Amino acid sequence: MKHLLNPLDFSVTELDDLLKLANAIEANPQKYAHACEGKKLATCFYEPSTRTRLSFEAAMLNLGGSVIGFASSDNSSAAKGESVSDTIRVISCYADICAIRHPKEGAALVASSRSSIPVINAGDGGHQHPTQTLTDLLTIYSLKGHLDHLKVGLCGDLKFGRTVHSLINALIRYPAVEFVLISPEELRVPGYIREDILDAGHIPYKEVERLEDAMADLDLLYMTRVQKERFFNEEDYIRMKDFYILDKAKMTLAPKDMLVLHPLPRVNEISVEVDDDPRAVYFKQAQYGVYVRMALILTLLDIHVTDEN
C-alpha cells in the first residue's frame with residue numbers, strides 16, 4: 001500500500017507515468033467515468049479549503065466513486081478531543097482512500113502510520129502540499145511540454161508558502177532548472193531550503209526584491225498570496241500583504257510565452273486585468289488539479305483502466 005505524503009514519494013518515472021495518465025484522463029474522461037464504482041474517498045479537512053477539498057471530491061465523483069468526510073475540525077470528533085490516529089483508524093473502516101488536511105505539520109504522516117487505506121496529504125501546516133505540487137507540474141508539463149530547462153520565478157510569501165517549498169523540491173529533480181526567488185527580506189525562502197536543497201544540490205538561483213527586476217527572461221512566474229493565517233501578528237501581515245501586485249504594466253516586461261501560475265486563492269496579488277492575458281493560466285491550473293487527483297486516486301488504489309474495461 002502506497003501513500004502520498006510528500007511530492008518526493010514518487011520517483012521521477014512514477015511521476016511521469018502519473019502526469020501521462022492525467023493527460024489521458026483529460027483527453028478522454030468518459031473512459032474513466034466508472035473506474036471507481038463502489039469505492040469511497042474520505043475527505044478529512046481539519047482546516048478550511050475550497051479548491052483542494054472540492055477538487056478531490058470532483059475527482060472521485062468523476063471516477064464514479066462516492067465521497068464522505070468533514071470540512072472542518074468543528075464538524076468532527078476532533079472537537080471532542082479525538083486524535084488523528086484514532087480518527088484515521090475509524091475512517092479506514094468506512095472508506096477505501098483518505099485525503100487529509102491538517103494545520104499541524106506531520107499530521108498526515110501520523111495518519112498514514114495508523115491507516116489501513118492509502119492516505120493523501122492534502123496540506124499539513126506550512127510543511128507540504130503534494131497534490132498542489134502535482135497540479136503545478138501537470139500544468140507546466142501540459143502547457144510547456146516539458147519540466148526541464150526552465151527558469152522559474154517564485155514570488156511573494158516564500159517563507160510560509162508550502163506550495164513553493166514543495167514545488168522547489170519537485171523541480172530540482174529535472175535537469176537545467178533554475179530559480180529566481182522574489183520576496184521581501186522578511187518572507188525569504190527558509191534557510192534550510194536555500195542551504196540544504198538549493199546550495200547542496202548546486203541548483204542555480206538568485207534572490208531579488210523587485211518583481212520588475214525578474215520578469216524579462218522567465219519561463220514561468222509562480223505567484224503566491226501573503227497568508228494571513230501564517231502570521232503571528234496582524235501588523236506584519238498588513239505591512240507585507242500588498243508588497244507585490246502583478247498587473248498589466250508588469251506583464252509587458254515578460255516574455256510572450258511566460259506562464260503565470262497561482263495556487264489560489266488570490267487576494268490582490270494578481271490584478272483581475274491580468275486574467276484575460278493568455279499567459280495567465282491559474283484557472284486552467286485549477287482544472288488540471290481535478291485531472292491529476294483523478295490520476296492519483298487510480299494510482300494509489302491500483303486501478304488500471306484499459307480499452308476493454
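Since this is a predicted model, take the numbers as computed values, not measurements. Residue numbers count from 1 along this sequence.
The closest donor-acceptor contact from the side chain of Thr224 to the backbone of Asp157 lies under 3.5 Å. Glu273 places a side-chain N or O within donor-acceptor distance of the main-chain N or O of Lys248, the cut-off being under 3.5 Å. A side-chain donor-acceptor contact under 3.5 Å links Asp96 to the backbone of Lys40. Looking only at distances, no side-chain donor or acceptor of His146 sits under 3.5 Å from a matching main-chain atom of Ile140. In this structure a side-chain-to-backbone donor-acceptor pair under 3.5 Å is missing from His102 to Ala107. Asn169 contributes a side-chain N or O that, together with a main-chain N or O of His165, makes up a donor-acceptor pair within less than 3.5 Å. Without hydrogens or angle criteria, Arg279 side chain to Pro255 main chain gives a donor-acceptor distance under 3.5 Å. The backbone N or O of Glu209 sits less than 3.5 Å from a side-chain atom of Tyr244, completing a donor-acceptor pair. Asp124 places a side-chain N or O within 3.5 Å of a backbone atom of Gly106 that can act as its donor or acceptor partner. Between the Asp148 side chain and the Tyr174 main chain, no donor and acceptor come within less than 3.5 Å of each other.
Within the 4.5 Å cutoff, the side chain of Met215 has heavy atoms near those of the Met258 side chain. Side-chain contact between Met60 and Met294 is absent, with no heavy-atom pair separated by less than 4.5 Å. By the 4.5 Å heavy-atom criterion applied to side chains, Thr139 and Lys284 are not counted as neighbours. By the 4.5 Å heavy-atom criterion applied to side chains, Leu5 and Ser112 are counted as neighbours. Phe70 has its side chain within reach of Cys44: a pair of non-hydrogen atoms, C-beta onward, lies under 4.5 Å apart. You'll find the side chain of Leu221 reaches within 4.5 Å of the side chain of Cys155, heavy atoms only. The shortest distance between side-chain heavy atoms of Ile120 and Thr131 falls below 4.5 Å. Counting heavy atoms from C-beta on, the side chains of Thr163 and His129 come closer than 4.5 Å.
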Carefully, step by step, assess Lys2 and Asp9 under the rule salt bridge (charged side-chain N to carboxylate O under 4.0 Å, His left out). CA-CA 9 Å; Lys2 192 173 180 71; Asp9 288 343; over 6 Å; no

How far apart are the C-alpha atoms of Leu15 and Arg173, what are their side-chain angles, what is the distance that settles it, and do they pass the side-chain contact (heavy atoms from CB on, under 4.5 Å) test? CA-CA 11 Å; Leu15 188 53; Arg173 299 195 289 175; 3.8 Å; yes

From CA spacing to verdict: salt bridge (charged side-chain N to carboxylate O under 4.0 Å, His left out), Asp275, Arg266: CA-CA 12 Å; Asp275 293 354; Arg266 70 169 163 190; 2.7 Å; yes

Gln285 vs Thr135, side-chain contact (heavy atoms from CB on, under 4.5 Å): CA-CA, chis, key distance, verdict: CA-CA 7 Å; Gln285 188 180 352; Thr135 298; 4.0 Å; yes

Begin from the C-alpha positions of Val119 and Ile88 and carry the test side-chain contact (heavy atoms from CB on, under 4.5 Å) through to its verdict. CA-CA 9 Å; Val119 170; Ile88 193 63; 4.2 Å; yes

When you look at Asp199 and Tyr205, which way does the side chain to side chain donor-acceptor pair (under 3.5 Å) test go after all the steps? CA-CA 9 Å; Asp199 290 339; Tyr205 72 93; 2.9 Å; yes

Output, in order, the C-alpha distance, side-chain angles, deciding distance and verdict of side-chain contact (heavy atoms from CB on, under 4.5 Å) for Leu171 and Leu137. CA-CA 8 Å; Leu171 282 175; Leu137 294 178; 3.7 Å; yes

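Contact between Leu41 and Glu57 at its shortest, heavy atoms only, is CD2-N, 4.5 Å. Of all heavy-atom pairs spanning Gly153 and Ile182, the tightest one is CA-CD1, 4.3 Å. Listed here is the closest heavy atom pair of Ala99 and Phe45: O-CE1, 3.9 Å. Among all heavy-atom pairs drawn from Ser85 and Val110, the shortest one is OG-CG1, 3.3 Å. Considering every non-hydrogen atom in both Ala108 and Ile100, the closest pair reads CB-CG2, 4.0 Å. Annotation for Ile25 and Ala295: closest pair CD1-N, 3.7 Å, computed over non-hydrogen atoms.
Remark: Asp247 CG to Ser271 OG distance equals 6.0 Å, nearest 0.5 Å. Here CZ of Arg210 is found 9.0 Å from NZ of Lys250. Values are rounded to the nearest 0.5 Å. Once rounded to the nearest 0.5 Å, the distance linking CG of Leu63 with OH of Tyr32 reads 10.0 Å. Atom CG of Leu154 is separated from atom CG of Leu167 by 6.0 Å, given to the nearest 0.5 angstrom. We find the CG-CG distance between Leu253 and Asp213 to be 9.5 Å, quoted to the nearest 0.5 Å. Once rounded to the nearest 0.5 Å, the distance linking CG of Leu300 with CE of Met1 reads 10.0 Å.
Remark: Lys206 does not engage Glu178 in a salt bridge, criterion side-chain N to carboxylate O under 4.0 Å. Between Lys256 and Asp277 there is no salt bridge, since no side-chain N of the basic residue sits under 4.0 Å from a carboxylate O of the acidic one. Taking 4.0 Å as the cut-off between side-chain N and carboxylate O, Glu186 and Lys159 do not count as a salt-bridged pair.
With hydrogens and angles left out, the side-chain atoms of Ser55 and Arg293 include a donor and acceptor closer than 3.5 Å. Looking at Asp136 and Tyr222, their side chains do bring a donor and an acceptor atom within 3.5 Å of each other. For the 3.5 Å distance criterion, the side chains of Asn23 and Ser142 qualify, holding a donor opposite an acceptor. When only modelled atom types and interatomic distance are considered, Arg89 and Ser115 share no side-chain donor-acceptor pair under 3.5 Å.
Note on Val272 and Met223: separate hydrophobic clusters, where clusters join Ile, Leu, Val, Met, Phe, Trp and Tyr whose side-chain heavy atoms are under 4.5 Å apart, directly or indirectly. A continuous path of ILVMFWY side-chain contacts below 4.5 Å connects Ile203 to Ile197, so both sit in one hydrophobic cluster. Residues Phe283 and Leu246 are members of one and the same hydrophobic cluster, defined by side-chain heavy-atom contacts under 4.5 angstrom among Ile, Leu, Val, Met, Phe, Trp and Tyr. Ile168 and Val12 end up in the same hydrophobic cluster when Ile, Leu, Val, Met, Phe, Trp and Tyr side chains are linked at under 4.5 Å. Under the 4.5 Å side-chain heavy-atom criterion for Ile, Leu, Val, Met, Phe, Trp and Tyr, Val177 and Leu198 are members of the same hydrophobic cluster.
Remark: Gln30 CD is loosely packed, at most 12 non-hydrogen atoms of other residues, nucleotides or ligands lying under 6.0 Å away.
Ring geometry for Tyr282 against His262 counts as perpendicular: the plane angle is over 60°, on a 0 to 90° scale with 30° as the lower cut.
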